[in-house]
Amino acid sequence: MSYAYLFKYIIIGDTGVGKSCLLLQFTDKRFQPVHDLTIGVEFGARMITIDGKQIKLQIWDTAGQESFRSITRSYYRGAAGALLVYDITRRDTFNHLTTWLEDARQHSNSNMVIMLIGNKSDLEARREVKKEEGEAFAREHGLIFMETSAKTAANVEEAFINTAKEIYQKIQDGVFDINNEANGIKIGPQHSPANQNMPSGGGGGNQGGNCC
Amino acid sequence: MFSKQRSWLSGALWKPKNPHSLEHLKYLHNLLAKNQTVTEQNRSQLVETLRSISEILIWGDQNDSSVFDFFLEKNMLSHFLRYLQQRCGRYICVQLLQTLNILFENIRNETSLYYLLSNNHINSIIVHKFDFSDEEVMAYYISFLKTLSLKLNRHTIHFFYNEKQPRKDGLGALKTLSEPSREPEKHTNDFALYTEAIKFFNHSEAMVRIAVRTITLNVFRVDDKAMLRYIRDRTAAPYFSNLVWFIGNHILDLELCVRHDMDHRSRDRLSDLVAEHLDHLYYLNDILTIGLDTLNLVLINHLLNNLFIPLYVYSLTKRKKVADAQDDRKHVSSVVSLFLLSQVFLIMHHTQLVHQLAEVIFHGDITLTQTEGLQNSPKAGIREFRAPAEPLEKTLENNRPKRRYGQTTVGQDEGAVGGAEEGAAYDPGEGVSSPSTEGALSPSSEVCSGDTELSSPTQNSTDEEKLIGMSHRMAIPSGMPDRLQPFTLENRPYLETLFTALECTENDYSALFALCLLYAMGQNEGISQNLMDGVLMPTERSRNKENYNILLVERLIRIIEQACQSGSKVRLATLELSIKLLKQLVNKDDRSYLQDRHLACIENGRECSTQRLRNFYKSEEIFLDMFEDEHREMKNRPLNVEYLMQDASILLPPTGTPLTGIDFIKRLPCGEVERARKAIRVFFLVRELSISLLHETETQLPLTKEENCIKVNDVLDLNNSDLIACTVVTRESRRQERRFLVIDPVQLILVEPDAKRLGWGVVRFVGFLQDVEVSGDKDDSRLLHVVVHKPSSTMHARSMPILSARFVFDDHIRCMAAKQRLIKGRHRARQQKMQTIERLLDITQVEGAHPRGSIPGRSHPVHPASSASTSASSSVTSSPGTTAQPQGQGQGRGARRVTAEQKRHLQAKAAQRSKTRQGMVARSSPSPARDGVEIGEEATSAMAVQSLSQNANGSNSSSGCRPGGAVRAQKGGPAGIRGVQSAEGRLEIPLEDLSTRGKQLRSLSFERARLSRLAREVGSLGNQGHQQASQHGLVARSHSLSPRRTSQETSTLMSRKDPRRQSAPISIPSSSSPSAHRPHHTSKYALTPGGLPQEGRRPHSRSNPVPPPGSSSDDSPEGGRTRSWSGPTPKSLQPAATPPASLLDGTVSTPPVLVAAMLVPPERTTIVRRTSQEEEEEDEEEDETEEESSRSTMRGQADDKSTDSALSSDEAGPCSSSDVTPSSETSLSDMSPAPEPRAPPVSATKESRSASKQLTALAQLVQEHYPYDAAEEAAHADANH
């Protein structure tokens, strides 16, 4: 329960690129990826450890709110990290990245860490966007890049944690003003972790069958 | 992961191997049935069970429908509910919410969804009181609601809205009365999804607030009547009033932040608050654009009466100092309110809202604010920013029982709405007895509808009728009468504040916001043109823009003029916005409606900016790069007002330091380079404005014309061209290509032979020579390293060279040749551009000695335009140049000038007059105290400078402010002090005068203009008087710029060493009688061909053109100096042999043009012609003898005096020009209602002819007596008044 920092993430990208599946895959390992089942979720939270510190990640999917300008704007601003997702089997989702990125840069605070994710790397046969292209795009725009698969869970963990590490580093460097919650970073409650070993609800990956 | 589970299960039931199957669900159901109560022991098992259920259900939805059937058949949701009600702690809760989330998010089957929603369990879960203090529960809960809201449509919404209520009613009412709060689970006739969500509208967690907004918007978007009625009747008023209160409190925080942060320390916090406010506005705008009229009415009513008007608009009149004391009503400082209102008008476009708000700003009168103070006035209750009587949650709770009881008919509903709008209507104890509440509410709603046009819907009229009524009420009082009577700021306290804010003598802090607000209002489509016409603000929608607000335009012009001066406090953003607004006001399609006198001011500003930039001009390479870069920047990134107003940094007082990270255009320049950049940008902006007002096309900028450049794949005829064969090896790819190098005047071109035509080549690469960097190779003499840089390098992106390669030539001779030509080509290309810049800036060429001939060492002749345009533009500022001016126009900028002829003349006259006056002062002051009183001169010159650049003040100082000033000026010492005073005094020009003057001026302008023209002609008729005089003044002025000058030797030395003190040598032989000598200097000065050309170049080669010890005091003399140069330059710079010819050209060719364009009265044409001829002769004379010229100078002075005094006698009228915007002065002052008998404002036309006769006579008279002492002259002049 208790954490040193809470980072708020948002996931952005075209519909159907697997954002909510990535989110569920990361926040709740109990949902095993199965070939005939696609499950996603709009919100998830999970505790990770960086540098010996407990850090809680809260991830908000922004899907379905595109029609309201006020909402898109606000979401960007309230996040410390953003996962910009495209589908490697659909070229158009890659082509739209620029628009997404512009939006993000326009509305977010300048320190927001953005990670570029090419999802569905399991579907190598149907690949339309080369890994190099993703890398080049990321390099050009100063993003972290990774190809993931929500299906096989490949790199999913890394994607979220690397982003968190980057944010954490920025905090250490004093770039983020951690006292300002509008940045999407929150300092954890200072009280002692009395119920630390308790499962943290649906969010905890360790939830499975903790105590019986 | 199931291992533990299995061990636990081993004794219970057989668990199917396949987790995704109906069997597994059955097994899980069994588990749930067995564990109906949550205990410590089974908790984890239950959590996992619930999780698995979601997984199976989704699998079933996608693969096997029998799974879902089973789920519904067993009514498994009731288990969920049962667990919740056991208050079993967060683990179960969170898991349940996650399961539900997943269910609703992933279900694709529409019928499955209906089943899930059908039995009201979901509503029960929604209203369940979770432990919202737990942030994870809160997050999951709100996500759950959001997921549900995304599933809303016309069909599903009925599942969320309980319609069984009427049947239950009688029974329910009794129950409610006795125990209203006991049955939250019975929420009948409730739209729980919505009401539960909005309770968190002000949650501390931003993500929760965002989710709430999303939910409400998703709900509003569903077009369902029942939902709408419910929301409007039951929740709209409380929700919106609370929302408004919440927003308002944010604003107060913001205000605090601004007020206590002068040092830019908490920028982060401030920008958050600003962003939050923007979020709110966007949210409100999103609601309004959904277009639910009834809902919008309520919202608008709350916004206007409880927030925008009482907190934003009323605060406009609050000054910072007053703000802290006295008033206990909530308010913000006027800067903040300007900023906020700008945002409102930039973001919100809903007609009713913005229209009403604009009306209050335009026509609102102060009594509104005052009556506000009286609590008993009915209005007081309406327009006030104050807290809702109770928190939203409480209201909603109280609403619930009342709802059951109320048996609401439509009429009563509306009464409730009206009452709720009143905000205070809900008294805390009201919840129980709803009938009394409604009774109490209805009348009050009537009160407010009767009292103010901003009322809520009344019962008897439809919304549309109301709308019409409203616009009628507005249009009639505002639009109609105002068109008939002139515009004043009387009784418009808010508009007045806006206009006052436009003043930026101290800084442009509030001016920027005021500009933005006015601009946003002009751009806002919600405000009808009718209303805008009420304050004479034409917009894009106006048919024509003849009736623009003079007052406003003059303030804008003033800002532009201020920006053109050195040391100005006007930021680039402010300037750009003023220009935008000005264009919005007067430009329409292909036409500018700007009046001539205003145009003259702009033109003057343009000259000022040109002159200022001239100070920074250097022949260094970096200047060219900066120049081009600024132009690109301006073109590529025009000011986006919306983005500008999203930047919190401008809310803090303007600062200069780049360490704040504030954009260059949003702060003042820091250091010499930035000052130069700013000067460049100002030059571009004002030039662009002037060009667009004159409806010309820019022909000189950008320096590189893309369309004239050779492009890749062009095919060129290269017969007879110099071609050098080489092999190009690019650095990165190491690719080798055989190419021919062609060096065009501006471009480096690599061609490949064209296969089709002999001697032709296909272009494979082009780069600008100016960006070429070439170096030899130490080891290989046939090899060159060539780098072509990218021209459009922005500050943000790294500039990659467009070519980086080795050129390998056949032998070292070809290599050398290529190298030489590249280097020379680069140099020449740059020089050519520098020349273009020089032409743009009217800088005299180094080769000024032969201004018209071709320049030795240059590959092509210098454009004659350069000298001609110099004379043209400078003649605008220098008085006597009027005759020479058309010449310049004809040749140099012909196209432009001809159209602008008329305006130019106005301006020229203006400048002439002020100069003349300065000439007098400047000359007279140093004369007596010549040796000792350096200060006097300095000060006078400073004043002269001020007056030149802001001629209003100049003339004031010498005339208006102090009657008889000219006499005193002659006393030397005092004159200096006076000069200083007046220079300072200029800052305090009361702006209020402007309005009255503006009006008067408008009517008089034409007659006055004519009159002044006559006067000028008379003056020039007599002799070259003006010119001489002004030169004279200029000499005196520039003179004073070298305070260290004490003797001839020093000054000569200095003039060699330091061309910036150019003027010094002129005043050298000063030992004898000053009055006799000064003209003498002038002529000598005019005759010095060697000295002056230096001026063109050398000063700029100094690294630091404007030594700035103290910003304005130093800067302004600087400006003055250049100004002074521009005047005499064209003539005086001519070497002895040339000027007659050049002048002759002009005189011969131009007067007809002048006549035609100027609308000079026919009988005057001849005079003009004669004048110019005479002037020409004078010029020759001048060249011949110094005495002659000195004499003519004296005559000129005499003429000036007489002209001045005879004409409109600015000197006489103390108030005559005290208030006019600086450069508009001259043109304006011509027409100013001076209390001078000979030129009374009204009868000006009639008298013009007789006046002109008188003037002629007077001029002759004075001419005869030219050796008058200056003092006598002035006295004489004064006596004339």
Side-chain angles (χ1 to χ4, degrees), chain A residues 1 6 8 10 20 24 27-32 34 36-45 56 58 60-65 67-75 77-79 106-107 109-110 176-177 179-184 186 189 198-204 207-212, chain B residues 1-5 7-8 20 41 43-45 47-48 51 54-55 58-59 62-63 90-91 93-95 97-99 101-102 105-106 135-137 139-140 143 146-147 150 204-207 209-211 213-214 217-218 221 268-269 271-272 275-276 278-286 643:
Chain A
M1 172 63 209
L6 182 142
K8 288 176 220 165
I10 52 170
S20 55
L24 185 68
T27 56
D28 205 331
K29 283 193 197 141
R30 297 169 299 168
F31 290 90
Q32 296 287 304
V34 185
D36 56 353
L37 177 63
T38 322
I39 303 187
V41 73
E42 284 199 343
F43 170 80
K56 186 167 186 174
Q58 236 187 35
W60 299 77
D61 186 1
T62 61
Q65 291 130 30
S67 47
F68 299 116
R69 190 173 173 185
S70 58
I71 304 302
T72 325
R73 230 193 89 80
S74 316
Y75 265 118
R77 224 166 34 74
Q106 170 65 31
H107 298 303
N109 69 62
S110 52
F176 268 117
D177 176 13
N179 294 313
N180 184 355
E181 283 189 22
N183 279 339
K186 204 170 154 184
M198 303 288 249
S200 66
Q207 174 103 39
N210 209 1
C211 48
C212 310
Chain B
M1 80 187 269
F2 290 102
S3 55
K4 279 185 182 176
Q5 216 169 21
S7 67
W8 184 85
H20 297 135
Q41 287 73 40
R43 195 172 61 189
S44 293
Q45 158 128 49
V47 165
E48 176 53 27
R51 189 203 66 80
S54 62
E55 203 173 323
I58 298 310
W59 175 84
Q62 291 167 12
N63 300 291
R90 66 192 296 259
Y91 316 106
C93 285
V94 167
Q95 184 54 62
L97 287 169
Q98 194 209 28
T99 301
N101 247 334
I102 290 174
E105 164 110 22
N106 294 283
E135 86 186 353
E136 192 145 318
V137 173
Y140 272 103
S143 299
K146 197 180 77 184
T147 309
L150 284 167
S204 60
E205 180 62 59
M207 286 295 185
R209 292 201 301 272
I210 298 167
R213 288 184 221 147
T214 317
L217 287 169
N218 282 335
R221 191 163 53 167
D268 278 350
R269 164 127 180 89
S271 67
D272 282 337
E276 189 76 25
L278 285 168
D279 277 358
H280 286 136
L281 290 182
Y282 278 116
Y283 172 54
L284 295 169
N285 191 51
D286 276 343
Y643 288 172

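Owing to the predicted nature of the structure, the values given are computational and were not obtained by experimental measurement. In what follows, chains are A, B, ... by sequence order, proteins preceding strands, each numbered from 1.
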query = What option among A:G184, A:G40, A:G78 has the most heavy-atom pairs under 4.5 Å with chain B?
reply = A:G40
message = As an exercise, state the distance from CD of B:E135 to CD of A:Q58, rounded to the nearest 0.5 Å.
response = 6.0 Å
task = Let me know if A:R69 has heavy atoms under 4.5 Å from chain B in its side chain, its backbone, both or neither.
result = both
query = When only pairs under 4.5 Å are counted, which of B:N101, B:L217, B:I58 shares the most heavy-atom pairs with chain A?
reply = B:L217
request  = Quick one: closest heavy-atom pair of B:A139 and A:F43, and the distance?
outcome  = CB-CZ, 3.2 Å
inquiry  = Tell me whether B:R51 contacts the main-chain N or O of A:R30 through its side chain, where contact means a donor paired with an acceptor under 3.5 Å.
reply    = yes
Any A:D61 side-chain heavy atom under 4.5 Å of B:K146 side chain = no
key: Pairing residues for B:D272 by the salt bridge (Lys or Arg N to Asp or Glu O under 4.0 Å) criterion, not counting sequence neighbours   = none
task = Given side chain to side chain contact (heavy atoms under 4.5 Å, CB included), test B:E276 with A:R77 step by step and report yes or no.
result = CA-CA 9 Å; B:E276 189 76 25; A:R77 224 166 34 74; 3.6 Å; yes
ask   = At what distance, to the nearest 0.5 angstrom, does OH of B:Y282 lie from CZ of A:F68?
value = 15.5 Å
ask   = Going from CG on A:D28 to CD on B:Q98, what distance comes out if it is rounded to the nearest 0.5 angstrom?
value = 4.5 Å
query = Is the side chain of A:R73 donor-acceptor paired with the backbone N or O of B:A275 at a distance under 3.5 Å, no angle test?
reply = yes
note = Heavy-atom closest pair (A:V41 atom, B:E105 atom, distance to 0.1 Å) is C-OE1, 4.0 Å
query = By side-chain contact (heavy atoms from CB on, under 4.5 Å), which residues pair with A:S74, not counting sequence neighbours?
reply = B:I210, B:R213, B:D279
key: Heavy-atom check, side chain of A:I39 versus side chain of B:E55, under 4.5 Å   = yes
ask   = Do A:K186 and B:E205 meet the salt-bridge criterion of a basic N to acidic O distance under 4.0 Å?
value = yes
